[in-house]
**Student:** 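Quick one: the structure is below, questions incoming.
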Amino acid sequence: MPRTMLVTGATGVVGHDLVGTARRAGWEVVGCSARGEAGPGGAVAWRMGAEPPPAELRRPWDVVVHAAARPKWNLDDETARQANVLPLADLAEVVGPDTHLVHVSTAYAIGRRGDTASTDRADYRNSYEWSKAEAERIVAARWPDATIVRPPLVVGRRGDGAVARFSGLYTIVRSAVAGMLPVFVAETGALSEVVSCCDVTACLLAAAERGPVPGGRVDVLGRGTASATTK
């Protein structure tokens, strides 16, 4: 029998690429997202954090990849928590005792201190970093053998540039090309790195194939704290 995988955030940049790649690799994959997606192989509608999982998702899973998130830096704190932290409570409904949880975080969750341990909002540059750090702490406490994957900024596939949606970094690029961004302001010394969604998918699939590691594991894509910095 093929191994089973549930992917949350299946219509996002990472989730969409993962669903297709995992299916081609022989996994039985079901995707879900807040709005869902009609058609063969589409995503089941599930508004995590606001409603319980649909009946078709309440089944044993070999792997659950939690990729659902709102990767925006300008959300107010409460909205960021609702989007990136509260949905974790619903994972208990689909992550069984034999399920390997792979949680997609961000390389920026380490904030100003270089780790995710702090609960002090001042240790993070924005609500996204702060909320993703809290999410990591919850995952480590509830699912100690989970794998956490930290990608930096994510763009389209290497081969053809295809991407599920033009969000995140693409918003900045589109504004610059349209002449709407005459200057880009950044904090001196801020880390800056970009990876392809297919690189993230490869990392997630490797984690799924490897299985849980006692005590958990954190995979960082790119160069981490050795990344290029703004001047």
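No hydrogens, no waters, no symmetry mates; every other heavy atom, side chains included, goes into these values. Residue numbers run from 1 in the order of the sequence given.
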**Student:** Compare all side-chain heavy atoms of D98 with those of P60 and state whether any distance is below 4.5 angstrom.
**Tutor:**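 A side-chain contact under 4.5 Å is absent here.
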
**Student:** Where the side chain of S105 meets the backbone of I148, is there a donor-acceptor pair that is under 3.5 Å apart?
**Tutor:**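 No.
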
**Student:** Out of curiosity, D120 CG to R113 CZ, how far, rounded to the nearest 0.5 Å?
**Tutor:**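 Those atoms lie 9.0 Å apart.
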
**Student:** For the CG atom of D199 and the CG atom of L204, what is their distance to the nearest 0.5 Å?
**Tutor:**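 CG of L204 is found 11.0 Å from CG of D199.
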
**Student:** Distance check, rounded to the nearest 0.5 Å: L101 atom CG versus W143 atom CH2?
**Tutor:**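 CH2 of W143 is found 6.0 Å from CG of L101.
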
**Student:** Are the side chains of W27 and V7 in touch, meaning some heavy atoms are under 4.5 Å apart?
**Tutor:**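 No; the side chains remain at least 4.5 Å from each other.
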
**Student:** Distance check, rounded to the nearest 0.5 Å: H66 atom NE2 versus N84 atom CG?
**Tutor:**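 Those atoms lie 8.0 Å apart.
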
**Student:** Side chains of R121 and S127, heavy atoms from C-beta outward: is any pair under 4.5 Å?
**Tutor:**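 Yes. Closest side-chain heavy atoms under 4.5 Å.
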
**Student:** Can you confirm whether R58 sits close enough to P52 that some side-chain heavy atom of one is under 4.5 Å from a side-chain heavy atom of the other?
**Tutor:**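 Answer yes - side chains close enough.
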
**Student:** Contact between D219 and R210 at the side-chain level, heavy atoms closer than 4.5 Å - yes or no?
**Tutor:**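 SC-SC contact between D219 and R210 confirmed.
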
**Student:** Could you measure the distance from the CH2 atom of W130 to the OG1 atom of T116? Nearest 0.5 Å is fine.
**Tutor:**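 If I round to the nearest 0.5 Å, the distance is 14.5 Å.
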
**Student:** For residues E136 and I110, determine if any side-chain heavy atom of one lies less than 4.5 Å from a side-chain heavy atom of the other.
**Tutor:**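 Heavy-atom side-chain distance check fails, nothing below 4.5 Å.
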
**Student:** Do D17 and V200 come close enough that some side-chain heavy atom pair is under 4.5 Å?
**Tutor:**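 Result no, sub-4.5 Å side-chain heavy-atom pair not found.
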
